Enquirer: 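The following block contains the structure, expressed as structure tokens.
Owing to the predicted nature of the structure, the values given are computational and were not obtained by experimental measurement. Note that these values count all heavy atoms, side chains included, but never hydrogens, waters or copies made by symmetry.
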Amino acid sequence: MVAITRAMSLAPSILLLDEPFEGLAPVVVTRFIDAVRTIKAMGISVLIAESNLVNATRVCDRIYAIDRGEIIFEGNPRDVFSNEEVMRTIRG
């Protein structure tokens, strides 16, 4: 959270976040998602690398699922859960 605040002080046009939800309590995740939405509303693009698909779809406008360097899904977050290949990859 402090790193994001520091990055925002530089007035970025894009904010890159790597696994931002990892290790956060569910209530903190919800507050963090609200903060990301506020950042997006300010006109700042946000690129998130996240392994938790459920949390990622709560905040993203577009999703890319990557397996071993290959994009296996690209599109609307609502559609990712109906993609059998993505679900099979996530479940192992």
Side-chain angles (χ1 to χ4, degrees):
M1 300 270 194
V2 172
I4 293 170
T5 302
R6 287 179 64 195
M8 292 298 295
S9 71
L10 300 172
S13 59
I14 185 168
L15 184 63
L16 308 173
L17 303 174
D18 183 22
E19 297 286 345
F21 306 115
E22 185 176 15
L24 298 180
V27 68
V28 177
V29 168
T30 299
R31 292 183 67 193
F32 185 76
I33 287 172
D34 291 341
V36 171
R37 288 182 180 141
T38 300
I39 291 168
K40 288 170 47 180
M42 295 167 61
I44 299 169
S45 298
V46 181
L47 176 65
I48 299 175
E50 178 61 55
S51 59
N52 185 316
L53 188 59
V54 173
N55 284 337
T57 59
R58 290 175 59 193
V59 72
C60 67
D61 299 318
R62 181 159 207 76
I63 195 162
Y64 293 84
I66 302 171
D67 182 36
R68 300 173 200 203
E70 179 184 347
I71 297 174
I72 59 172
F73 178 86
E74 170 191 355
N76 191 310
R78 293 183 307 253
D79 300 334
V80 70
F81 295 106
S82 61
N83 185 297
E84 291 181 27
E85 181 182 4
V86 173
M87 292 298 101
R88 191 171 35 255
T89 300
I90 289 172
R91 292 184 184 122

Enquirer: Taking E70 for the side chain and I72 for the main chain, is one N or O donor matched with an acceptor at less than 3.5 Å?
Expert: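 Side chain of E70 to backbone of I72, a donor-acceptor pair under 3.5 Å: no, none is there.
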Enquirer: For residues R31 and L24, determine if any side-chain heavy atom of one lies less than 4.5 Å from a side-chain heavy atom of the other.
Expert: no
Enquirer: I need the minimum non-hydrogen distance between P12 and A7, along with the two atoms involved.
Expert: CD-O, 3.4 Å
Enquirer: State yes or no: do I4 and L47 share one hydrophobic cluster built from I, L, V, M, F, W and Y residues joined by side-chain heavy-atom distances below 4.5 Å, directly or via other members?
Expert: no
Enquirer: So do the side chains of D61 and K40 get within less than 4.5 Å of each other, counting heavy atoms only?
Expert: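 Counting from C-beta outward, D61 and K40 do come under 4.5 Å.
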Enquirer: Check D34 with R37, please: is the shortest side-chain N to carboxylate O separation under 4.0 Å?
Expert: yes
Enquirer: Nearest 0.5 Å, what's the CD1-CD1 distance between I33 and I48?
Expert: 8.0 Å
Enquirer: Please walk me through it: do V59 and E50 pass side-chain contact (heavy atoms from CB on, under 4.5 Å)?
Expert: CA-CA 11 Å; V59 72; E50 178 61 55; over 6 Å; no
Enquirer: At what distance, to the nearest 0.5 angstrom, does CG of N83 lie from CE of M87?
Expert: 7.0 Å
Enquirer: Does a sphere of radius 6.0 Å around CZ in R78 hold more than 12 heavy atoms from other residues, nucleotides or ligands, not counting ones at 6.0 Å or beyond?
Expert: no
Enquirer: Looking at side-chain heavy atoms only, is the closest gap between L53 and I63 below 4.5 Å?
Expert: yes
Enquirer: Hey, does F73 have a side-chain heavy atom less than 4.5 Å from the side chain of E85?
Expert: no
Enquirer: Could you check V29 against N52 for side-chain contact (heavy atoms from CB on, under 4.5 Å), going step by step and ending with a plain yes or no?
Expert: CA-CA 11 Å; V29 168; N52 185 316; over 6 Å; no
Enquirer: Could you go through R58 and N55, starting from their C-alpha distance and side-chain angles, then the distance that decides it, and tell me whether this counts as side-chain contact (heavy atoms from CB on, under 4.5 Å)?
Expert: CA-CA 5 Å; R58 290 175 59 193; N55 284 337; 3.5 Å; yes
